[in-house]
Amino acid sequence: MSAPTLPETWMARALKLAERGRYTTDPNPRVGCVLVKDGRVVGEGWHDRAGEPHAEVHALRAAGEAARGATAYVTLEPCSHQGRTGPCARALVEAGVAHVVVAMQDPNPQVAGRGIALLREAAIEVTVGVLEDEALALNSGFVMRMSHGRPFVRLKMAMSLDGRTAMRSGESQWITGPQARREVQRLRARSSAILTGVESIIFDNARLTVRAEQLALPDGEAIAARQPLRVVVDSRLRLPQAAACLREPGRTLVATLAEHEPERRARLEEAGAEVVVMPAAADGRVDLDALLHHLAEVEQANEVLLETGATLAGAMLEANLIDEMQLFVAPTLLGGEARPLFALPGLSLMAQQKGLEILDIRAVGQDWRITARPTRPTTSAS
(Lines give C-alpha, C1' and ligand atoms only; values in the text may rest on other atoms or scores of the structure.)
Protein backbone atom coordinates (compact mmCIF):
# COMPACT_ATOMS: atom_id res chain seq x y z
CA MET A 1 0.00 0.00 0.00
CA SER A 2 1.37 3.41 -0.95
CA ALA A 3 1.83 6.10 1.69
CA PRO A 4 -0.87 8.79 1.84
CA THR A 5 -0.07 11.99 -0.01
CA LEU A 6 0.74 14.93 2.24
CA PRO A 7 -1.54 17.99 2.18
CA GLU A 8 1.46 20.07 1.08
CA THR A 9 1.67 18.05 -2.12
CA TRP A 10 -1.90 18.85 -3.17
CA MET A 11 -1.54 22.47 -2.11
CA ALA A 12 1.63 22.77 -4.17
CA ARG A 13 -0.39 21.57 -7.14
CA ALA A 14 -3.08 24.16 -6.41
CA LEU A 15 -0.41 26.88 -6.22
CA LYS A 16 0.98 25.76 -9.57
CA LEU A 17 -2.50 26.12 -11.05
CA ALA A 18 -2.87 29.57 -9.48
CA GLU A 19 0.31 30.71 -11.21
CA ARG A 20 -1.46 30.29 -14.55
CA GLY A 21 -3.30 33.51 -13.74
CA ARG A 22 -0.07 35.42 -13.06
CA TYR A 23 -0.61 37.78 -16.01
CA THR A 24 -4.39 37.87 -16.26
CA THR A 25 -6.31 38.00 -12.96
CA ASP A 26 -5.56 41.62 -12.03
CA PRO A 27 -7.00 43.22 -9.92
CA ASN A 28 -8.17 39.91 -8.43
CA PRO A 29 -5.82 37.53 -6.62
CA ARG A 30 -4.31 34.44 -8.29
CA VAL A 31 -6.08 31.36 -6.94
CA GLY A 32 -5.94 27.63 -7.62
CA CYS A 33 -8.10 24.76 -6.37
CA VAL A 34 -7.66 20.99 -6.38
CA LEU A 35 -10.40 18.55 -5.34
CA VAL A 36 -9.10 15.23 -4.02
CA LYS A 37 -11.11 12.09 -3.16
CA ASP A 38 -9.76 8.68 -2.20
CA GLY A 39 -6.23 9.81 -2.95
CA ARG A 40 -6.84 11.06 -6.48
CA VAL A 41 -7.71 14.34 -8.15
CA VAL A 42 -11.37 14.53 -9.20
CA GLY A 43 -11.39 18.17 -10.27
CA GLU A 44 -9.14 21.21 -10.43
CA GLY A 45 -9.19 24.78 -11.70
CA TRP A 46 -7.78 28.24 -11.39
CA HIS A 47 -9.01 31.82 -11.62
CA ASP A 48 -8.15 33.09 -15.09
CA ARG A 49 -9.39 36.69 -15.15
CA ALA A 50 -11.55 39.17 -13.23
CA GLY A 51 -15.27 38.74 -13.83
CA GLU A 52 -14.97 35.07 -14.78
CA PRO A 53 -15.58 32.06 -12.49
CA HIS A 54 -13.24 31.55 -9.57
CA ALA A 55 -10.93 28.56 -9.13
CA GLU A 56 -13.34 26.66 -6.88
CA VAL A 57 -16.15 26.90 -9.44
CA HIS A 58 -13.96 25.51 -12.22
CA ALA A 59 -12.83 22.64 -9.98
CA LEU A 60 -16.39 21.81 -8.87
CA ARG A 61 -17.62 21.80 -12.46
CA ALA A 62 -14.81 19.44 -13.44
CA ALA A 63 -15.57 17.11 -10.52
CA GLY A 64 -19.34 17.00 -10.82
CA GLU A 65 -20.89 14.53 -8.35
CA ALA A 66 -17.41 13.34 -7.35
CA ALA A 67 -17.01 16.55 -5.34
CA ARG A 68 -19.33 15.16 -2.63
CA GLY A 69 -17.17 14.01 0.26
CA ALA A 70 -13.97 15.33 -1.35
CA THR A 71 -11.25 17.52 0.14
CA ALA A 72 -10.73 20.90 -1.52
CA TYR A 73 -7.24 22.42 -1.49
CA VAL A 74 -7.56 26.17 -2.13
CA THR A 75 -4.70 28.67 -2.18
CA LEU A 76 -6.87 31.50 -0.78
CA GLU A 77 -9.85 31.50 1.56
CA PRO A 78 -13.03 30.95 -0.49
CA CYS A 79 -14.99 34.18 -0.86
CA SER A 80 -18.23 34.63 1.07
CA HIS A 81 -19.66 37.71 -0.66
CA GLN A 82 -21.54 38.32 -3.89
CA GLY A 83 -19.37 40.19 -6.35
CA ARG A 84 -19.25 39.80 -10.11
CA THR A 85 -19.42 36.09 -9.33
CA GLY A 86 -21.20 34.19 -6.55
CA PRO A 87 -19.69 33.21 -3.18
CA CYS A 88 -17.33 30.23 -3.56
CA ALA A 89 -17.72 29.15 0.07
CA ARG A 90 -21.43 28.64 -0.53
CA ALA A 91 -20.69 26.66 -3.73
CA LEU A 92 -18.39 24.31 -1.79
CA VAL A 93 -21.11 23.77 0.82
CA GLU A 94 -23.76 23.01 -1.79
CA ALA A 95 -21.40 20.58 -3.56
CA GLY A 96 -21.06 18.54 -0.37
CA VAL A 97 -17.31 18.94 0.08
CA ALA A 98 -16.23 17.35 3.39
CA HIS A 99 -12.96 19.15 4.10
CA VAL A 100 -11.42 22.42 2.87
CA VAL A 101 -7.68 23.05 3.21
CA VAL A 102 -6.80 26.74 2.81
CA ALA A 103 -3.30 28.11 2.30
CA MET A 104 -4.06 31.58 3.65
CA GLN A 105 -6.91 33.72 4.93
CA ASP A 106 -8.17 36.36 2.53
CA PRO A 107 -6.98 39.87 3.57
CA ASN A 108 -9.93 41.43 1.73
CA PRO A 109 -12.15 43.03 4.44
CA GLN A 110 -15.19 41.73 2.55
CA VAL A 111 -14.02 38.18 3.28
CA ALA A 112 -11.39 38.16 6.08
CA GLY A 113 -12.44 34.93 7.78
CA ARG A 114 -16.10 34.99 6.78
CA GLY A 115 -15.62 32.31 4.13
CA ILE A 116 -13.95 30.02 6.65
CA ALA A 117 -16.70 30.69 9.19
CA LEU A 118 -19.41 29.91 6.61
CA LEU A 119 -17.78 26.55 5.85
CA ARG A 120 -17.45 25.63 9.52
CA GLU A 121 -21.04 26.61 10.20
CA ALA A 122 -22.00 24.04 7.55
CA ALA A 123 -20.05 21.38 9.51
CA ILE A 124 -17.22 21.30 6.96
CA GLU A 125 -13.78 20.67 8.42
CA VAL A 126 -11.40 23.54 7.62
CA THR A 127 -7.60 23.58 7.87
CA VAL A 128 -5.75 26.88 7.39
CA GLY A 129 -2.06 27.65 6.83
CA VAL A 130 -0.76 24.90 4.52
CA LEU A 131 2.05 26.47 2.40
CA GLU A 132 0.95 29.89 3.61
CA ASP A 133 4.26 31.62 2.82
CA GLU A 134 4.13 30.43 -0.79
CA ALA A 135 0.54 31.64 -1.11
CA LEU A 136 1.45 35.04 0.34
CA ALA A 137 4.34 35.39 -2.12
CA LEU A 138 2.11 34.55 -5.08
CA ASN A 139 -0.31 37.36 -4.18
CA SER A 140 2.06 39.84 -2.53
CA GLY A 141 0.44 42.74 -4.38
CA PHE A 142 -3.14 41.84 -3.51
CA VAL A 143 -2.14 41.30 0.13
CA MET A 144 -0.32 44.64 0.24
CA ARG A 145 -3.27 46.51 -1.26
CA MET A 146 -5.80 44.93 1.10
CA SER A 147 -3.63 45.14 4.22
CA HIS A 148 -1.81 48.46 3.76
CA GLY A 149 -3.79 50.36 1.15
CA ARG A 150 -0.94 50.58 -1.37
CA PRO A 151 0.48 48.33 -4.09
CA PHE A 152 3.52 46.09 -3.80
CA VAL A 153 6.39 48.00 -5.44
CA ARG A 154 8.98 46.05 -7.40
CA LEU A 155 11.99 48.03 -8.66
CA LYS A 156 13.59 46.86 -11.89
CA MET A 157 16.94 48.27 -12.96
CA ALA A 158 19.61 47.20 -15.42
CA MET A 159 23.18 48.07 -14.54
CA SER A 160 26.79 47.43 -15.40
CA LEU A 161 29.11 45.50 -13.12
CA ASP A 162 30.28 48.81 -11.69
CA GLY A 163 26.73 49.82 -10.74
CA ARG A 164 25.96 52.25 -13.59
CA THR A 165 22.66 52.46 -15.44
CA ALA A 166 23.44 54.80 -18.35
CA MET A 167 26.20 56.86 -19.86
CA ARG A 168 26.59 60.45 -18.74
CA SER A 169 24.62 61.56 -21.83
CA GLY A 170 21.68 59.38 -20.78
CA GLU A 171 22.32 56.69 -23.40
CA SER A 172 21.34 53.31 -21.94
CA GLN A 173 20.22 50.94 -24.73
CA TRP A 174 21.19 48.21 -24.33
CA ILE A 175 23.12 47.34 -21.18
CA THR A 176 21.70 43.83 -20.81
CA GLY A 177 21.08 41.10 -23.34
CA PRO A 178 17.89 39.74 -24.94
CA GLN A 179 17.17 37.13 -22.26
CA ALA A 180 17.18 39.77 -19.53
CA ARG A 181 14.97 42.04 -21.62
CA ARG A 182 12.51 39.17 -22.02
CA GLU A 183 12.37 38.81 -18.24
CA VAL A 184 11.65 42.54 -17.96
CA GLN A 185 8.74 42.12 -20.36
CA ARG A 186 7.33 39.44 -18.07
CA LEU A 187 7.74 41.72 -15.06
CA ARG A 188 5.77 44.37 -16.93
CA ALA A 189 3.10 41.89 -17.95
CA ARG A 190 2.41 40.78 -14.37
CA SER A 191 2.19 44.38 -13.09
CA SER A 192 -0.89 46.56 -12.66
CA ALA A 193 1.12 49.70 -13.41
CA ILE A 194 4.59 50.81 -14.50
CA LEU A 195 5.89 53.83 -12.59
CA THR A 196 8.59 56.13 -13.92
CA GLY A 197 9.89 59.68 -13.64
CA VAL A 198 9.52 62.31 -16.32
CA GLU A 199 13.30 62.53 -16.80
CA SER A 200 13.38 58.87 -17.86
CA ILE A 201 10.81 59.65 -20.54
CA ILE A 202 12.69 62.77 -21.66
CA PHE A 203 16.01 60.89 -21.99
CA ASP A 204 14.83 57.50 -23.27
CA ASN A 205 11.37 58.23 -24.73
CA ALA A 206 10.42 54.81 -23.35
CA ARG A 207 7.12 53.27 -24.48
CA LEU A 208 6.71 51.28 -21.23
CA THR A 209 4.59 48.63 -22.89
CA VAL A 210 4.37 44.85 -22.94
CA ARG A 211 5.50 43.53 -26.33
CA ALA A 212 4.05 40.16 -27.24
CA GLU A 213 6.96 39.26 -29.52
CA GLN A 214 9.41 39.63 -26.62
CA LEU A 215 7.40 37.74 -23.99
CA ALA A 216 8.14 34.33 -25.48
CA LEU A 217 4.92 32.93 -23.99
CA PRO A 218 2.30 30.83 -25.83
CA ASP A 219 -0.49 33.31 -25.02
CA GLY A 220 1.69 36.40 -25.45
CA GLU A 221 -0.78 38.23 -27.70
CA ALA A 222 -3.60 37.93 -25.16
CA ILE A 223 -1.31 38.98 -22.31
CA ALA A 224 -0.03 42.03 -24.21
CA ALA A 225 -3.60 43.09 -24.96
CA ARG A 226 -3.93 44.03 -21.27
CA GLN A 227 -1.36 46.80 -21.10
CA PRO A 228 -0.46 47.92 -17.57
CA LEU A 229 -1.24 51.50 -16.59
CA ARG A 230 1.72 53.81 -17.29
CA VAL A 231 2.34 56.34 -14.49
CA VAL A 232 4.71 59.28 -14.95
CA VAL A 233 5.76 61.35 -11.92
CA ASP A 234 5.99 64.86 -13.34
CA SER A 235 5.78 67.59 -10.69
CA ARG A 236 6.11 70.46 -13.21
CA LEU A 237 4.38 68.93 -16.24
CA ARG A 238 7.49 68.63 -18.39
CA LEU A 239 6.29 65.53 -20.25
CA PRO A 240 6.60 66.18 -24.02
CA GLN A 241 3.34 66.00 -25.94
CA ALA A 242 5.15 63.87 -28.51
CA ALA A 243 6.23 61.27 -25.91
CA ALA A 244 5.96 57.73 -27.30
CA CYS A 245 4.10 56.48 -24.20
CA LEU A 246 1.16 58.76 -25.08
CA ARG A 247 0.72 57.07 -28.45
CA GLU A 248 0.75 53.48 -27.19
CA PRO A 249 -2.32 51.34 -26.41
CA GLY A 250 -3.54 51.64 -22.84
CA ARG A 251 -3.53 54.56 -20.45
CA THR A 252 -0.85 57.01 -19.33
CA LEU A 253 -1.41 58.74 -16.00
CA VAL A 254 0.64 61.86 -15.22
CA ALA A 255 1.00 62.66 -11.51
CA THR A 256 1.74 66.34 -10.94
CA LEU A 257 1.47 69.30 -8.61
CA ALA A 258 0.90 71.89 -11.30
CA GLU A 259 -2.70 72.92 -10.73
CA HIS A 260 -1.66 76.38 -11.87
CA GLU A 261 -0.69 75.16 -15.36
CA PRO A 262 -4.10 74.71 -17.01
CA GLU A 263 -2.88 75.29 -20.56
CA ARG A 264 0.00 72.82 -20.34
CA ARG A 265 -2.30 70.30 -18.69
CA ALA A 266 -4.90 70.75 -21.43
CA ARG A 267 -2.27 70.14 -24.14
CA LEU A 268 -1.10 66.96 -22.45
CA GLU A 269 -4.67 65.71 -22.08
CA GLU A 270 -5.27 66.43 -25.77
CA ALA A 271 -2.19 64.30 -26.50
CA GLY A 272 -3.72 61.39 -24.56
CA ALA A 273 -2.49 61.81 -20.99
CA GLU A 274 -4.69 61.57 -17.90
CA VAL A 275 -3.44 64.21 -15.46
CA VAL A 276 -4.01 63.76 -11.73
CA VAL A 277 -3.03 66.40 -9.17
CA MET A 278 -1.33 64.97 -6.07
CA PRO A 279 -0.33 66.58 -2.76
CA ALA A 280 3.24 67.81 -2.32
CA ALA A 281 5.80 66.10 -0.11
CA ALA A 282 8.20 68.01 2.17
CA ASP A 283 10.70 68.36 -0.70
CA GLY A 284 8.11 70.13 -2.87
CA ARG A 285 7.68 67.19 -5.24
CA VAL A 286 4.82 64.73 -5.70
CA ASP A 287 4.07 62.85 -2.49
CA LEU A 288 5.01 59.33 -3.55
CA ASP A 289 3.21 57.59 -0.69
CA ALA A 290 0.01 59.46 -1.57
CA LEU A 291 0.45 58.48 -5.21
CA LEU A 292 0.76 54.79 -4.32
CA HIS A 293 -2.36 54.97 -2.17
CA HIS A 294 -4.17 56.64 -5.09
CA LEU A 295 -3.10 53.81 -7.39
CA ALA A 296 -4.38 51.21 -4.91
CA GLU A 297 -7.68 52.91 -4.13
CA VAL A 298 -8.65 54.39 -7.49
CA GLU A 299 -6.85 52.12 -9.97
CA GLN A 300 -6.98 48.90 -7.88
CA ALA A 301 -3.29 48.37 -8.57
CA ASN A 302 -1.82 45.31 -6.87
CA GLU A 303 1.73 45.36 -8.21
CA VAL A 304 3.66 48.40 -9.44
CA LEU A 305 6.85 48.00 -11.44
CA LEU A 306 9.22 50.91 -10.84
CA GLU A 307 11.30 51.50 -13.98
CA THR A 308 13.10 54.77 -13.59
CA GLY A 309 16.34 56.66 -13.09
CA ALA A 310 18.46 57.36 -10.05
CA THR A 311 16.46 60.33 -8.73
CA LEU A 312 13.04 58.70 -8.39
CA ALA A 313 14.57 55.34 -7.44
CA GLY A 314 16.50 57.04 -4.65
CA ALA A 315 13.44 58.96 -3.46
CA MET A 316 11.37 55.77 -3.34
CA LEU A 317 14.11 53.97 -1.42
CA GLU A 318 14.48 56.84 1.05
CA ALA A 319 10.71 56.81 1.62
CA ASN A 320 10.76 53.02 2.31
CA LEU A 321 8.39 52.43 -0.59
CA ILE A 322 10.33 49.70 -2.41
CA ASP A 323 9.36 46.15 -1.44
CA GLU A 324 11.52 44.18 -3.86
CA MET A 325 14.36 44.82 -6.29
CA GLN A 326 15.03 43.02 -9.55
CA LEU A 327 18.54 44.10 -10.50
CA PHE A 328 19.92 42.88 -13.83
CA VAL A 329 23.72 43.04 -13.90
CA ALA A 330 25.57 42.99 -17.22
CA PRO A 331 29.23 41.89 -17.56
CA THR A 332 30.39 45.32 -18.65
CA LEU A 333 31.85 48.51 -17.19
CA LEU A 334 30.53 52.01 -17.94
CA GLY A 335 32.99 54.04 -15.89
CA GLY A 336 32.89 56.64 -13.15
CA GLU A 337 31.18 59.36 -15.19
CA ALA A 338 28.17 57.16 -16.03
CA ARG A 339 24.91 57.48 -14.11
CA PRO A 340 24.51 55.64 -10.79
CA LEU A 341 21.78 53.23 -9.71
CA PHE A 342 20.38 55.47 -6.96
CA ALA A 343 20.66 59.15 -6.11
CA LEU A 344 21.07 59.10 -2.32
CA PRO A 345 22.42 62.50 -1.28
CA GLY A 346 23.60 62.97 2.27
CA LEU A 347 25.10 59.55 2.90
CA SER A 348 28.46 60.14 4.58
CA LEU A 349 28.73 57.46 7.27
CA MET A 350 28.77 53.67 7.08
CA ALA A 351 25.92 53.67 9.61
CA GLN A 352 23.77 55.39 6.97
CA GLN A 353 24.23 52.72 4.31
CA LYS A 354 21.17 51.10 2.77
CA GLY A 355 21.24 47.40 3.48
CA LEU A 356 19.72 44.73 1.22
CA GLU A 357 18.68 41.15 1.86
CA ILE A 358 19.60 39.03 -1.14
CA LEU A 359 16.80 36.58 -1.90
CA ASP A 360 18.07 35.04 -5.14
CA ILE A 361 20.90 35.32 -7.66
CA ARG A 362 20.77 33.53 -10.98
CA ALA A 363 22.15 33.74 -14.50
CA VAL A 364 19.90 35.14 -17.24
CA GLY A 365 21.71 34.60 -20.52
CA GLN A 366 25.03 36.44 -20.21
CA ASP A 367 23.68 38.63 -17.39
CA TRP A 368 22.83 38.07 -13.72
CA ARG A 369 19.56 38.80 -11.96
CA ILE A 370 19.70 39.72 -8.28
CA THR A 371 16.42 39.62 -6.35
CA ALA A 372 16.66 41.58 -3.12
CA ARG A 373 14.64 43.57 -0.63
CA PRO A 374 15.67 46.61 1.41
CA THR A 375 16.50 46.20 5.08
CA ARG A 376 17.27 48.60 7.90
CA PRO A 377 20.74 50.16 7.81
CA THR A 378 23.40 48.05 9.49
CA THR A 379 25.54 49.42 12.28
CA SER A 380 28.85 48.28 13.70
CA ALA A 381 30.74 49.07 16.84
CA SER A 382 33.76 51.32 16.44
Residues Glu199, Arg339; criterion salt bridge (Lys or Arg N to Asp or Glu O under 4.0 Å); working and verdict: CA-CA 13 Å; Glu199 289 187 358; Arg339 297 185 176 194; 5.8 Å; no

Check whether [X] reaches the backbone of [Y] with its side chain - one donor and one acceptor, N or O, closer than 3.5 Å.
X	Y	result
Ser200	Gly309	yes
Arg30	Arg22	yes
Thr25	Asp48	no
Asp367	Gly177	yes
Thr75	Gly32	yes
Asp26	Ser192	no
Thr371	Gln326	no
His47	Pro53	yes
Thr256	Val277	no
Arg251	Val231	no

Would Arg264 and Asp234 count as a salt bridge (Lys or Arg N to Asp or Glu O under 4.0 Å) if you check the C-alpha gap in whole Å, the side-chain angles of each, and the deciding distance to 0.1 Å? CA-CA 12 Å; Arg264 190 178 301 177; Asp234 185 6; over 6 Å; no

Scan the side chains in residues 211-227 for donor-acceptor partners under 3.5 Å anywhere in the protein, sequence neighbours excluded, and list what turns up.
| from | atom 1 | to | atom 2 | distance (Å) |
| --- | --- | --- | --- | --- |
| Arg211 | NH1 | Thr209 | O | 3.4 |
| Arg211 | NH1 | Thr209 | OG1 | 3.1 |
| Arg226 | NE | Tyr23 | O | 3.4 |
| Arg226 | NH2 | Ala189 | O | 2.8 |
| Arg226 | NH2 | Ser191 | O | 3.4 |
| Gln227 | OE1 | Val210 | N | 2.9 |
| Gln227 | NE2 | Val210 | O | 2.9 |
| Gln227 | NE2 | Ala224 | O | 2.8 |

Does the pair [X]/[Y] count as a salt bridge with the N-to-O cut at 4.0 Å?
X	Y	value
Glu270	Arg267	no
Arg362	Asp360	yes
Glu307	Arg188	yes

Check each of Val232, Val233, Val298, Leu295 against Leu253 using the side-chain contact (heavy atoms from CB on, under 4.5 Å) test, and report the only one that passes.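 The side-chain contact (heavy atoms from CB on, under 4.5 Å) with Leu253 is passed solely by Leu295 among Val232, Val233, Val298, Leu295.
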
Specify the closest pair of heavy atoms between [X] and [Y], including all atoms of both residues, with the distance to one decimal.
X	Y	result
Ala158	Thr176	CB-CG2, 3.9 Å
Met278	Ala255	CG-CB, 4.0 Å
Ile322	Ala313	CD1-O, 3.9 Å
Gly45	Ala59	N-CB, 3.8 Å
Met144	Arg150	CG-O, 3.0 Å
Pro151	Asp323	O-OD2, 3.9 Å

Could you pull out all donor-acceptor pairs under 3.5 Å where a side-chain atom in residues 111-130 meets a protein atom, sequence neighbours excluded?
| from | atom 1 | to | atom 2 | distance (Å) |
| --- | --- | --- | --- | --- |
| Arg114 | NH1 | Pro109 | O | 2.5 |
| Arg114 | NH1 | Val111 | O | 3.4 |
| Arg120 | NH2 | Val126 | O | 3.2 |
| Thr127 | OG1 | His99 | NE2 | 2.9 |

Is it true that, when you exclude [X] itself, more than 12 heavy atoms of the residues, nucleotides or ligands shown sit nearer than 6.0 Å to its [atom1]?
X	atom1	result
Arg90	CZ	no
Gln366	CD	no
Glu297	CD	no
Glu65	CD	no
Asp38	CG	no

Taking the side chain as everything from C-beta on, heavy atoms only, tell me whether [X] gets closer than 4.5 Å to [Y].
X	Y	result
Leu237	Leu268	yes
Leu327	Arg369	no
Glu248	Arg230	yes
Leu195	Leu291	yes
Val329	Ser160	no
Arg373	Leu356	no
Met104	Leu76	yes
Arg145	Pro27	yes

Those residues that, when tested against Asp133, pass side chain to side chain contact (heavy atoms under 4.5 Å, CB included) (two or more places apart):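 By the side chain to side chain contact (heavy atoms under 4.5 Å, CB included) rule, Asp133 matches Leu136.
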
[atom1] of [X] to [atom2] of [Y]: how many Å apart, nearest 0.5 Å?
X	Y	atom1	atom2	result
Gln353	Thr375	CD	OG1	8.5 Å
Thr252	Leu229	OG1	CG	7.5 Å
Leu155	Thr308	CG	OG1	8.5 Å
Glu318	Leu288	CD	CG	11.5 Å
Leu131	Arg13	CG	CZ	14.5 Å
Ile175	Met157	CD1	CE	9.0 Å

Is it true that [X] and [Y] fall in one hydrophobic cluster, defined by side-chain heavy atoms closer than 4.5 Å?
X	Y	value
Leu246	Ile202	yes
Met325	Met316	yes
Val254	Leu208	yes
Val286	Leu312	yes
Met159	Phe328	no

Between Tyr73 and Trp10, how do the two ring planes meet: parallel, tilted or perpendicular, split at 30° and 60°?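 Tyr73 vs Trp10 ring planes: tilted.
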
Intermediate values then yes/no, side chain to side chain contact (heavy atoms under 4.5 Å, CB included), Leu92 and Leu60: CA-CA 8 Å; Leu92 291 168; Leu60 290 171; 4.0 Å; yes

Starting from the C-alpha separation in whole Å, work towards a yes-or-no answer on side chain to side chain contact (heavy atoms under 4.5 Å, CB included) for Leu17 and Leu15. CA-CA 5 Å; Leu17 290 170; Leu15 286 164; over 6 Å; no

